[in-house]
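The first residue in the sequence is number 1, and the count goes up from there. First listed ligand is number 1; within each ligand, the first listed atom is number 1.
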Amino acid sequence: MDVRAAIAFEAGKPLVVDTVQLEGPRNAEVLVEIKATGLCHTDKYTLSGQDPEGLFPAILGHEGAGIVREVGPDVRHLKPGDHVIPLYTPECRECKSCLSQKTNLCTSIRSTQGKGLMPDGTSRFSYKGKPVLHYMGCSTFANYTVLPEIALAKIRDDAPFDKVCYIGCGVTTGLGAVLFTAKVEPNSTVVVFGLGGIGLNVIQGAKLVGARQIIGVDINPAREAMARQFGMTDFVNPKDLGPDGDVVGHLVELTGGGADYTFECVGNTTLMRQALECAHRGWGVSCVIGVAGAGQEISTRPFQLVTGRRWIGSAFGGARGRTDVPKIVDWYMDNRIDIDSLITHKLPLERINEGFDLMTRGESIRTVVEY
Ligand code: NAD
Ligand code: 022
Ligand code: ZN
């Protein structure tokens with residue numbers, strides 16, 4: 001069938017909006033009509049050409065929501081008409097990782113997903129007869145896409161697509177890191193580095209679990225107001241501390257000895273170290289969420305760990321997509337979490353490249369494309 005898509009033909013070039021061909025679903029696959037998609041950092045990172053694992057031509061996008069239109073043979077849990085959110089971290093419930101109950105990183109389709117292919121090793125997309133690759137198993141920058149059944153969370157059908165698409169990555173990543181990965185307790189002190197699309201969701205997660213103090217750190221002063229609206233109690237702009245400012249010392253003092261939990265939501269290895277070192281001696285936990293550039297390394301003195309700080313990381317908020325994503329949609333529908341304020345821009349598909357410019361300039365939290 002003909003579908004409308006933003007195609008990434010080559011690294012460093014803008015997306016091209018055109019018609020591509022999509023084949024129907026094969027075994028255990030589902031055809032989804034995408035109604036809305038968010039623009040997220042990895043899409044931009046891959047398009048820039050800096051991602052050594054980025055492959056072209058491809059249909060990018062991994063933060064969507066839509067409706068099942070057709071199911072292939074052996075699809076057991078979904079039917080046409082079901083509302084769904086695509087999962088770049090699938091949940092097969094059968095692989096060693098899923099059965100371990102210790103991780104959300106399902107391994108059942110990992111190798112083909114990383115190559116931009118469906119589990120049978122082929123692509124459903126093509127342009128002028130030549131294959132176009134999938135991306136993170138989702139390819140939500142198209143108004144129709146095909147996904148494995150295990151990479152779809154079924155959600156309630158009264159949830160607005162233009163808001164809950166953000167649960168497909170940013171909301172779940174931030175909230176989940178607090179609730180599922182770090183398991184922050186009530187009355188905790190929390191430091192959040194980076195108050196963007198992820199950090200603001202960490203803040204709302206920390207507030208949800210009853211953290212006593214939530215300190216936000218950002219070099220963009222425009223982020224303070226929104227962060228306070230989401231529950232931040234103190235704001236630190238490292239630039240205000242001067243060129244030789246001691247950010248760690250300042251945060252340790254503000255928290256009365258170090259934070260119970262810290263989160264790095266930028267992807268900057270210097271901040272990752274600061275986040276670890278401002279965690280409390282003896283029990284502080286520091287969680288890396290930001291994705292650093294390929295080949296980068298983190299460092300600290302082993303003393304920091306020997307004295308009881310723990311350095312952990314979180315992918316997709318530690319969420320098991322098919323199980324946890326529908327619950328997060330319910331929290332939104334019950335007004336327990338705010339998504340609307342974070343969707344600062346909306347664009348039609350034809351103007352998708354403007355969304356990446358907004359991201360680069362730090363003007364948007366989330367831009368959503370509605371089909
Ligand atoms: P964003 O651009 O919306 O936010 C980043 C924020 O960091 C901005 O407010 C910016 O001003 C601030 N910042 C930049 N440099 C800083 C510095 N030196 N000190 C303090 N603040 C600084 O980005 P986002 O959408 O929130 O994503 C953040 C990171 O999370 C990215 O690396 C992204 O790839 C990653 N991410 C990880 C996962 C995961 O599963 N682990 C999922 C989604 C996103
Ligand atoms: C989403 N991310 C950043 C912004 N939006 C993001 C990027 C990478 C990961 C998670 C979120 C991630 C962490 C660990 C892994 N990935 C590896 C998972 C594994 O090996 O099982 C990751 C994921 C998907 C892909 C690549 C890396 C992919 O589909 N290409 C989850
Ligand atoms: Zn993302």
Side-chain angles (χ1 to χ4, degrees), residues 37-46 51 53-55 58 60-64 86-90 95 97-98 103-117 133-140 151 165-177 181 191-203 216-224 226-227 235-239 241 245 247 263-272 274-275 287-294 296 312-319 321 342 344 358-367:
T37 182
L39 274 52
C40 176
H41 269 270
T42 30
D43 303 315
K44 197 181 87 157
Y45 179 59
T46 300
D51 175 5
E53 294 185 354
L55 300 167
L60 306 180
H62 63 280
E63 194 173 79
L87 302 169
Y88 63 83
T89 302
C95 71
S97 297
C98 286
T103 178
N104 64 329
L105 292 177
C106 173
T107 48
S108 61
I109 58 171
R110 189 175 68 179
S111 60
T112 46
Q113 180 171 321
K115 293 180 191 134
L117 300 170
L133 295 166
H134 297 249
Y135 178 68
M136 292 182 87
C138 294
S139 294
T140 58
C165 62
Y166 191 13
I167 296 173
C169 182
V171 172
T172 302
T173 296
L175 279 183
T181 305
V191 175
V192 184
F193 288 79
L195 306 177
I198 304 300
L200 291 167
N201 279 296
V202 168
I203 290 182
V217 182
D218 204 300
I219 50 172
N220 180 354
R223 293 284 151 100
E224 180 177 354
M226 178 93 78
F235 179 63
V236 174
N237 184 341
K239 286 185 171 170
L241 302 177
V247 181
F263 296 87
E264 200 282 348
C265 315
V266 181
N268 175 321
T269 55
T270 303
L271 301 185
M272 292 178 192
Q274 292 174 358
C287 182
V288 173
I289 305 176
V291 177
Q296 298 216 287
I312 65 174
S314 180
F316 193 45
L342 298 174
T344 51
L358 289 164
M359 199 190 284
T360 305
R361 295 198 301 267
E363 288 175 24
S364 55
I365 301 295
R366 264 308 186 263
T367 297

Residue selection (non-hydrogen contact nearest [atom]) among [options]:
| atom | options | answer |
| --- | --- | --- |
| atom 9 (O) of ligand 1 | T173, V202, D218, N220 | D218 |
| atom 31 (C) of ligand 2 | L87, D43, L55, T89 | T89 |
| atom 16 (C) of ligand 1 | L200, D43, I219 | I219 |

What protein heavy atom is closest to [atom], reported as residue, atom name and distance in Å?
| atom | answer |
| --- | --- |
| atom 7 (C) of ligand 2 | T42 CG2, 3.9 Å |
| atom 18 (C) of ligand 2 | L105 CD2, 3.8 Å |
| atom 1 (P) of ligand 1 | H41 NE2, 3.4 Å |
| atom 10 (C) of ligand 2 | Y88 CE1, 3.9 Å |
| atom 19 (N) of ligand 1 | L271 CD1, 3.4 Å |
| atom 21 (O) of ligand 2 | R110 CD, 3.0 Å |
| atom 4 (O) of ligand 1 | G196 CA, 3.2 Å |
| atom 37 (C) of ligand 1 | I289 O, 3.0 Å |
| atom 5 (C) of ligand 1 | C265 O, 4.0 Å |
| atom 12 (C) of ligand 2 | A315 CB, 4.3 Å |

Do any N/O atoms on [X] end up under 3.5 angstrom from N/O atoms on ligand 1?
| X | result |
| --- | --- |
| V291 | yes |
| T42 | no |
| V266 | yes |
| G194 | no |

The single option from T140, T46, D43 that satisfies side chain to side chain donor-acceptor pair (under 3.5 Å) with H62 is D43
What lies under 2.8 Å from the Zn ion (ligand 3), restricted to protein N/O/S atoms, is C40 SG, H62 NE2, C169 SG
In the structure I gave you, are the side-chain heavy atoms of [X] and [Y] within less than 4.5 Å of one another anywhere?
| X | Y | value |
| --- | --- | --- |
| L39 | M359 | yes |
| N237 | I219 | yes |
| Y166 | N201 | yes |
| P238 | V217 | yes |
| L60 | K44 | no |

If you take all heavy atoms of [X] and [Y], which pair is closest and at what distance?
| X | Y | result |
| --- | --- | --- |
| I365 | G197 | CG2-CA, 3.7 Å |
| C40 | C169 | SG-SG, 4.0 Å |
| V266 | F193 | CG2-O, 3.6 Å |
| G137 | Q113 | N-CG, 3.5 Å |
| R223 | G362 | NH2-O, 2.9 Å |
| S314 | G317 | OG-CA, 3.3 Å |

Those atoms of ligand 1 less than 4.0 Å from some heavy atom in [X]:
| X | value |
| --- | --- |
| G197 | 3 (O), 24 (P), 25 (O), 26 (O) |
| I198 | 24 (P), 25 (O), 26 (O), 27 (O), 28 (C), 30 (O), 43 (C), 44 (C) |
| R366 | 25 (O) |
| G290 | 29 (C), 30 (O), 32 (O), 35 (C) |
| F316 | 39 (C), 40 (O) |
| C169 | 42 (C), 43 (C) |

So for S314 against ligand 1, with non-hydrogen atoms under 4.0 Å, the contacting part is backbone
### Query
Can you tell which part of K44 has a heavy atom less than 4.0 Å from ligand 1: side chain, backbone, both or neither?
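Within the 4.0 Å criterion, K44 makes no contact with ligand 1.
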Is [atom] in close reach of the protein, with a heavy atom under 4.0 Å away?
| atom | answer |
| --- | --- |
| atom 4 (C) of ligand 2 | yes |
| atom 28 (C) of ligand 2 | yes |
| atom 1 (C) of ligand 2 | yes |
| atom 16 (N) of ligand 2 | no |

Under 4.0 Å, counting heavy atoms only: does A315 come that close to any atom of ligand 1? yes
Please answer whether the main-chain N or O of [Y] pairs with a side-chain N or O of [X] as donor and acceptor at a distance below 3.5 Å.
| X | Y | result |
| --- | --- | --- |
| T172 | G168 | no |
| N104 | A319 | yes |
| E264 | G267 | yes |
| E63 | G170 | yes |
| T344 | R366 | yes |
| T89 | L105 | no |

Query raised in the report: What do we get for H62 next to ligand 2 when only non-hydrogen atoms under 4.0 Å count, side chain, backbone, both or neither?
Result: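 Side chain only.
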Short version for M136: what comes under 4.0 Å of ligand 2, heavy atoms counted, is both
Quick one, V291 with T42, criterion side chain to side chain contact (heavy atoms under 4.5 Å, CB included). Give me CA distance, side-chain angles, the key distance, then yes/no.
CA-CA 9 Å; V291 177; T42 30; 5.6 Å; no
d(R110 CZ, S97 OG) to nearest 0.5 Å is 7.5 Å
In I289, T181, I198, V288, the residue satisfying side-chain contact (heavy atoms from CB on, under 4.5 Å) with F263 is I289
Going by side-chain contact (heavy atoms from CB on, under 4.5 Å), D218 matches just one of L195, V192, V236. Which one?
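It is L195; the other options fail the test.
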Which ligand 2 atoms does C40 reach within 4.0 Å, using its non-hydrogen atoms?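 The atoms of ligand 2 under 4.0 Å from a heavy atom of C40 are 4 (C), 5 (N).
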Under 4.0 Å from one or more heavy atoms of C169, ligand 2 contributes atoms 1 (C), 5 (N)
N or O pair under 3.5 Å between Q113 and ligand 2 = yes
